[in-house]
Amino acid sequence: MSEFNEKKETCGTICLKYLLFTFNFFFWLAGLAVMAVGIWTLIQKSDYISLLPSNTYAATAYILVIAGAIVMVTGILGCCATFKERKSLLKVYFILLLCIFILEVLAGILAYIYYQQLNTELKQSLKQTMTTKYKQPGEEKVTNAVDKLQQEFKCCGSNNSDDWRDSMWINSPEAEKRLVPDSCCKTVTQRCGVRDHPSNIYKVEGGCITKLESFIRAHLLIIGAVGIGIACVQLFGMIFTCCLYRSLKSEPY
């Protein structure tokens with residue numbers, strides 16, 4: 001009877017080992033995906049980060065990059081711990097899973113909070129940023145971001161093209177009598193901003209604030225969904241780890 005129970009325990013342990021190994025393989029791929037989303041956000045969308053008053057958007061992306069890197073290392077450690085049946089490694093693996101779980105939930109929560117605050121923040125700061133920092137010394141990032149924003153989203157100014165009347169640069173001699181930056185023009189040429197007719201600039205298309213808000217909200221949803229989604233998957237990994245640890249503890253050495 002004891003021999004039957006031992007075989008039963010061994011069979012259960014083997015099943016758990018392969019379940020955990022399969023989980024680790026997909027977990028490693030998920031870590032790669034999480035890190036890729038974070039890096040993509042920081043590299044491809046870094047220009048617009050300089051237009052945001054807070055660092056929450058960038059922070060959520062950095063958390064995903066860190067979490068993704070730890071996930072990939074943890075996945076390899078989990079495979080080693082599973083096949084070597086080392087309880088000490090399983091403990092470390094479980095602790096790492098818990099840390100990653102907390103990081104990804106944190107990224108999801110930050111993304112959700114910033115999603116709710118985004119409209120208010122942009123209304124309070126985007127016009128001021130564009131009018132006071134555009135083409136100013138040491139503000140090259142903001143200048144490039146504004147130019148890219150207006151060209152990519154086919155818009156002019158924060159609320160509309162009239163916002164540029166309050167611009168420090170537009171009211172300076174350096175503007176060379178431009179009424180709006182050249183990036184407001186439908187076809188960008190040197191000093192095309194001296195003419196603000198709707199046929200020349202994005203005047204009737206509206207301001208950039210609603211388009212930037214929609215853009216960032218869409219990416220916050222992706223960041224939040226990835227963070228929370230992977231965190232939920234990790235719960236199964238922690239359950240499998242606990243089961244395997246208990247199984248190994250009950251087996252004779």
Side-chain angles (χ1 to χ4, degrees), residues 37 39-62 110-224:
V37 169
I39 292 172
W40 170 71
T41 301
L42 292 172
I43 293 177
Q44 295 294 323
K45 314 303 170 188
S46 59
D47 289 334
Y48 299 138
I49 291 174
S50 61
L51 297 177
L52 303 176
S54 71
N55 295 320
T56 310
Y57 181 64
T60 55
Y62 279 117
L110 280 175
Y112 176 76
I113 291 172
Y114 195 56
Y115 185 92
Q116 302 298 319
Q117 297 175 345
L118 184 61
N119 180 267
T120 304
E121 282 199 3
L122 286 178
K123 280 182 178 177
Q124 291 174 348
S125 68
L126 186 59
K127 180 182 175 181
Q128 183 181 3
T129 299
M130 293 174 79
T131 55
T132 61
K133 294 185 178 181
Y134 185 78
K135 293 283 189 181
Q136 297 304 303
E139 299 293 349
E140 289 78 13
K141 282 188 176 180
V142 172
T143 300
N144 293 333
V146 170
D147 285 338
K148 183 178 178 180
L149 176 68
Q150 295 189 142
Q151 276 295 295
E152 191 170 317
F153 292 110
K154 302 184 189 315
C155 56
C156 186
S158 176
N159 299 298
N160 52 58
S161 60
D162 292 339
D163 289 345
W164 286 110
R165 293 176 183 173
D166 302 323
S167 168
M168 293 173 62
W169 179 71
I170 289 294
N171 292 307
S172 70
E174 287 81 7
E176 298 179 338
K177 298 183 179 180
R178 288 178 177 86
L179 299 175
V180 294
D182 292 343
S183 56
C184 281
C185 299
K186 295 178 179 178
T187 302
V188 178
T189 57
Q190 185 66 24
R191 295 189 70 245
C192 63
V194 297
R195 183 169 170 266
D196 63 352
H197 192 271
S199 63
N200 185 49
I201 69 167
Y202 297 115
K203 195 176 184 74
V204 297
E205 287 80 0
C208 299
I209 187 168
T210 53
K211 296 178 180 181
L212 180 61
E213 182 185 353
S214 299
F215 173 82
I216 294 176
R217 278 179 179 269
H219 285 83
L220 285 172
L221 284 175
I222 293 171
I223 291 172

- Message: Can you give me the closest heavy-atom contact between Lys203 and Asp162, atom names plus distance?
- Response: NZ-OD1, 4.1 Å
- Message: Testing the basics here: between Leu51 and Leu212, what is the closest heavy-atom pair and its distance to 0.1 Å?
- Response: CD1-CD2, 4.4 Å
- Query: What's the shortest heavy-atom distance between Ser183 and Asp147, and which atoms?
  - Reply: OG-OD1, 2.7 Å
- Are Trp169 and Glu174 close enough that some pair of their side-chain heavy atoms sits under 4.5 Å apart? yes
- Taking Cys208 and Cys156, which are both Cys, do their SG atoms fall under 2.5 Å of each other? no
- Are there more than 12 heavy atoms of other residues, nucleotides or ligands under 6.0 Å from atom CD of Gln117? yes
- Message: Tell me whether Asp182 contacts the main-chain N or O of Gly193 through its side chain, where contact means a donor paired with an acceptor under 3.5 Å.
- Response: yes
- Task: Mind listing the closest non-hydrogen atom pair of Arg178 and Ile170 along with its distance?
- Result: O-CG2, 3.5 Å
- Message: As an exercise, state the distance from CG of Asn200 to OG1 of Thr187, rounded to the nearest 0.5 Å.
- Response: 8.0 Å
- Crowded around Tyr112 OH? As in, over 12 foreign heavy atoms under 6.0 Å? no
- Query: To the nearest 0.5 Å, how far apart are CZ in Phe153 and CD1 in Ile209?
  - Reply: 13.0 Å
- Query: Just by distance, do the side chain of Asp196 and the backbone of Leu179 share a donor-acceptor pair under 3.5 Å?
  - Reply: no
- Please collect all ring-ring contact (aromatic ring centres under 6.0 Å, His included) contacts where either partner lies in residues 174-203, sequence neighbours excluded, each pair once. none
- Query: side-chain contact (heavy atoms from CB on, under 4.5 Å) between Lys135 and Glu140: does it pass, once the steps are laid out?
  - Reply: CA-CA 7 Å; Lys135 293 283 189 181; Glu140 289 78 13; over 6 Å; no
- Task: Find out whether Met130 and Ser167 are in side-chain contact, i.e. whether some heavy atom of one side chain is under 4.5 Å from a heavy atom of the other.
- Result: no
- Should Arg191 and Glu176 count as an ion pair when the cut-off is N to O under 4.0 Å? yes
- Query: Shortest non-hydrogen contact from Lys133 to Thr143?
  - Reply: O-OG1, 4.0 Å
- Looking at side-chain heavy atoms only, is the closest gap between Tyr134 and Met168 below 4.5 Å? no
- Message: I'd like to check Leu52 versus Tyr114 (side-chain heavy atoms, cut-off strictly below 4.5 Å). Are they in contact?
- Response: yes
- Message: As an exercise, state the distance from CG of Leu126 to CG of Leu122, rounded to the nearest 0.5 Å.
- Response: 6.0 Å
- Task: Nearest 0.5 Å please: distance from the CD1 atom of Ile216 over to the NE2 atom of His219.
- Result: 9.5 Å
- Between the CG atom in Leu220 and the CZ atom in Arg217, the distance rounded to the nearest 0.5 Å is 8.5 Å
- Message: Run Lys186 and Glu205 through salt bridge (Lys or Arg N to Asp or Glu O under 4.0 Å) and show every step you take.
- Response: CA-CA 11 Å; Lys186 295 178 179 178; Glu205 287 80 0; 3.7 Å; yes
- What are the two closest non-hydrogen atoms of Lys154 and Lys211, and how far apart are they? O-NZ, 3.2 Å
- Pair Lys127-Asp166, salt bridge (Lys or Arg N to Asp or Glu O under 4.0 Å): steps then yes or no: CA-CA 9 Å; Lys127 180 182 175 181; Asp166 302 323; 3.2 Å; yes
- Task: Verify the distance criterion only: is there a donor paired with an acceptor across the side chains of Arg195 and Ser199 at less than 3.5 Å?
- Result: yes
